[in-house]
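One structure below.
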Amino acid sequence: MSVFDVLKERGFIQQMTHEDEIRQLLEKEKVTFYIGFDPTADSLTVGHFLQLMVMGHMQRHGHRPIALLGGGTTMVGDPSGKSDMRKMLGKEDIARNAECFKKQMEKFIDFSDGKAVMANNADWLLSLNYVDFLREIGSHFSVNRMLQAECFKTRMESGLTFMEFNYMVMQGYDFLELFRRFNCTLQLGGDDQWSNIIAGVELVRKIEAKPVLGMTFTLLTTSDGKKMGKTEKGAVWLDPQKTPPYDFYQYWRNVADSEVKRCLALLTFLPMTEVNRLGNLKDQEINQAKKILAFEMTKMIHGEEEAQKAQKAAETLFEGGADLQDVPTSPIGQGLLGQGIIEVLFACQIIPTKSEGRRLIAQGGLYVNSAKVESIDLKVTAELFKDGMMMIRKGKKGYHKVVIK
RNA sequence: GGUGAGGUUCCCGAGUGGCCAAAGGGAACAGACUGUAAAUCUGUCGGCGAAGCCUUCGGAGGUUCGAAUCCUCCCCUCACCA
């Protein structure tokens with residue numbers, strides 16, 4: 001089975017510039033391909049992870065991935081699919097973010113012995129000469145055509161700066177550079193990158209007269225079209241500092257029934273027979289599939305040990321048990337003893353404001369050691385700490401352990 | 001640069017001198033129902049609080065007993081024209 005069939009079967013593929021050529025190429029040759037990642041934050045997200053899964057599948061079938069860090073393109077910012085211009089990032093921030101990306105990627109992709117390449121488009125974009133670039137590259141782009149591009153559509157109403165308008169040209173140029181440097185003949189990316197990918201494919205074909213190819217993958221969205229990987233706290237990050245393994249596990253443990261199969265196919269390496277079996281479970285049974293999804297993903301990203309911990313903590317809290325060791329914990333100082341419950345929760349950042357704490361108690365949504373808090377006047381005393389800890393439950397699933405420092 | 005339309009609480013969007021912490025919708029949170037799911041229903045949804053107080057409607061001033069609403073200047077966005 002070629003990697004093309006694998007990607008197709010698992011539901012990755014969205015659009016292709018030349019379907020037959022891509023299929024044949026992937027079956028017959030070892031292909032060097034690239035996916036670009038713009039370091040706009042200091043951690044990758046699950047959206048990036050989907051791209052890394054693709055890289056993983058490709059690499060397993062002997063193809064050579066290039067992970068292209070957008071040190072140059074991030075200076076400009078991709079307008080695709082965004083309704084507003086992104087805040088401009090400084091060079092130092094971008095470089096630091098790129099380092100973070102790099103470290104995280106190395107956990108999933110094997111970069112040893114040239115099995116994969118890490119590149120950064122800052123290396124060629126930042127030193128470009130404006131006029132030379134316009135003459136050599138800009139002359140191959142038709143503004144008339146660019147304006148038709150899907151990725152600018154939303155921006156044609158709300159406004160698009162010339163800076164961002166050039167993003168497509170820069171990404172097109174990336175492909176040309178990678179083709180020249182590494183004989184990279186295939187660009188992959190999320191479906192929001194379709195316009196940018198076409199730009200690159202056409203540019204290389206015009207200048208080099210070589211049949212390079214492009215293909216996009218499904219975006220990680222829920223069935224009603226919303227982006228997945230978002231929580232009330234923001235994105236689901238791969239960095240354990242930003243999204244703790246327990247929260248990460250819980251996110252996937254709680255995905256909607258209708259997403260389970262898709263997530264298993266896209267975000268794990270489980271064989272499709274298993275994915276189909278698990279994804280077709282019904283009612284209560286499908287919780288098994290969610291546990292496996294959550295465990296597998298946590299394992300890939302945070303390691304087996306963390307995955308075990310997260311799973312154990314979750315089972316203890318939701319299914320009963322004694323081992324509370326791995327539940328998220330907030331330490332408090334001695335000085336908070338005798339204070340009101342709201343003060344303590346606020347200090348632990350379990351509640352963002354005191355008003356919200358009051359509201360929570362008024363609505364009966366706060367529990368201390370499994371007992372509903374009836375009054376906002378409850379004082380936190382030493383008696384509430386059993387075995388040195390106080391269990392807080394916010395709503396149905398927000399568990400926190402509070403311990404005294 | 002000219003002309004026109006705008007900038008409202010997380011988002012969309014009403015509000016054009018007191019009844020406005022500001023309609024409605026979305027998101028979010030809590031409760032009921034459940035399977036740590038979805039859908040549905042109910043409640044909450046600026047902050048601090050016992051009442052009450054404080055901060056908010058692009059920014060800075062001003063008029064007024066009283067301004068998101070009126071005036072002045074400034075900043076920004078969009079459309080058409082140049």
Side-chain angles (χ1 to χ4, degrees), chain A residues 79 81-88 147 152-165 221-236 245-264 278-295 297-298 310-321 326-328 339-343 345-347 349-368 370 372-377 391-400:
Chain A
K82 294 183 186 64
S83 53
D84 298 296
M85 193 170 99
R86 201 183 266 275
K87 189 170 141 268
M88 276 205 259
L147 289 174
F152 296 134
K153 280 240 172 86
T154 53
R155 288 311 213 63
M156 293 311 283
E157 284 161 26
S158 63
L160 175 72
T161 61
F162 181 66
M163 176 181 80
E164 297 169 282
F165 185 56
T221 52
T222 58
S223 40
D224 48 343
K226 286 185 209 121
K227 266 191 191 168
M228 275 188 82
K230 295 272 183 201
T231 69
E232 68 280 8
K233 290 171 199 149
V236 176
Y246 175 80
D247 292 348
F248 186 86
Y249 178 93
Q250 281 298 315
Y251 182 84
W252 301 105
R253 177 65 185 80
N254 280 313
V255 295
D257 289 8
S258 52
E259 316 299 335
V260 171
K261 193 168 175 179
R262 215 165 99 87
C263 287
L264 283 167
L278 290 167
N280 289 332
L281 291 174
K282 288 280 174 287
D283 302 322
Q284 183 129 210
E285 294 277 293
I286 201 164
N287 281 320
Q288 286 311 312
K290 293 186 190 180
K291 279 192 197 179
I292 290 172
L293 171 68
F295 182 80
M297 288 194 66
T298 311
Q311 185 160 57
K312 217 162 66 182
E315 282 173 358
T316 303
L317 292 170
F318 290 99
E319 297 168 23
D326 300 317
V327 176
Q339 295 285 311
I341 182 75
I342 296 207
E343 301 292 333
L345 296 191
F346 183 69
Q349 297 183 311
I350 292 171
I351 50 173
T353 65
K354 293 178 189 176
S355 290
E356 192 145 324
R358 270 189 288 278
R359 221 172 281 138
L360 197 63
I361 291 172
Q363 295 180 140
L366 186 71
Y367 296 77
V368 171
S370 310
K372 189 193 277 185
V373 176
E374 302 287 356
S375 159
I376 61 169
D377 298 323
M391 252 341 258
I392 300 291
R393 196 179 106 208
K394 193 179 113 189
K396 237 179 302 186
K397 343 178 206 182
Y399 286 97
H400 294 265

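What you see is a predicted model, and the numbers here were worked out from it, not measured in a lab.
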Between B:rG43 and A:Q363, counting only base atoms on the nucleotide and side-chain atoms on the residue, is there a donor-acceptor pair under 3.5 Å?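 Yes, the side chain and the base share a sub-3.5 Å donor-acceptor pair.
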Check if the side chain of A:K291 and the base of B:rU36 share a donor-acceptor pair of N or O atoms closer than 3.5 Å.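 It does not, because no donor-acceptor pair links the side chain of A:K291 to the base of B:rU36 below 3.5 Å.
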Ring centres of A:F165 and A:F152 under 6.0 Å apart?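 Close enough - the centres of the two rings lie under 6.0 Å apart.
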Given [options], identify the nucleotide with an atom nearest to the side chain of [X].
X: A:I286; options: B:rC45, B:rG35, B:rC29; value: B:rG35
X: A:Q250; options: B:rC48, B:rU36, B:rG35; value: B:rU36
X: A:T353; options: B:rC48, B:rC29, B:rA37; value: B:rC48
X: A:R359; options: B:rG47, B:rU36, B:rC29; value: B:rG47
X: A:D283; options: B:rG35, B:rU36, B:rG47; value: B:rG35
X: A:D257; options: B:rA50, B:rA37, B:rG31; value: B:rA37
X: A:A256; options: B:rG35, B:rG31, B:rA38; value: B:rA38
X: A:K290; options: B:rG47, B:rG35, B:rU36; value: B:rG35
X: A:Y367; options: B:rG31, B:rA37, B:rC45; value: B:rG31

Pairing nucleotide - [N], Watson-Crick or G-U, each distance under 3.5 Å:
N: B:rC57; answer: none
N: B:rA14; answer: none
N: B:rU69; answer: none
N: B:rU36; answer: none
N: B:rC29; answer: B:rG43
N: B:rG52; answer: B:rC48
N: B:rG4; answer: B:rC78
N: B:rU63; answer: none

Separation of [X] atom [atom1] from [N] atom [atom2], in whole Å?
X: A:Y399; N: B:rU36; atom1: OH; atom2: P; result: 10 Å
X: A:N254; N: B:rA39; atom1: CG; atom2: P; result: 13 Å
X: A:K394; N: B:rA28; atom1: NZ; atom2: P; result: 14 Å

Do you know the tightest heavy-atom contact between [X] and [Y]?
X: A:I286; Y: A:L281; answer: CD1-O, 3.5 Å
X: A:F318; Y: A:K396; answer: CE2-O, 4.2 Å
X: A:L278; Y: A:A289; answer: O-CB, 3.5 Å
X: A:Y246; Y: A:A314; answer: CE1-N, 4.0 Å

Heavy-atom nearest nucleotide on RNA chain B for A:I376 versus A:K282: which residue maps closer to 5'?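 It is A:K282, whose closest nucleotide lies nearer the 5' terminus.
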5' precedence on RNA chain B between A:K396 and A:G365 (nearest-nucleotide basis):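 Nearer the 5' end of the strand: A:G365.
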Would you sort out whether A:Y399 and A:T316 count as a side chain to side chain contact (heavy atoms under 4.5 Å, CB included), showing the intermediate values? CA-CA 11 Å; A:Y399 286 97; A:T316 303; over 6 Å; no
One thing to verify: whether A:K290 and A:D257 come together as a salt bridge, which I'm taking to mean a side-chain N less than 4.0 angstrom from a carboxylate O.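 Yes.
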Can you check whether A:K397 has a side-chain N or O nearer than 4.0 Å to OP1 or OP2 of B:rA37?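 Yes, within the criterion.
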Using a cut-off of less than 4.0 Å, is there contact between a side-chain N or O of A:S355 and OP1 or OP2 of B:rC48?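 Yes, within the criterion.
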Considering only atom P, compute the distance from B:rG24 to B:rG35 and round it to an integer number of Å.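 Rounded to whole Å, the distance is 34 Å.
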When the C1' atoms of B:rU63 and B:rC71 are compared, how many Å lie between them, rounded to an integer?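 Pairwise C1' distance, B:rC71 against B:rU63, rounds to 7 Å.
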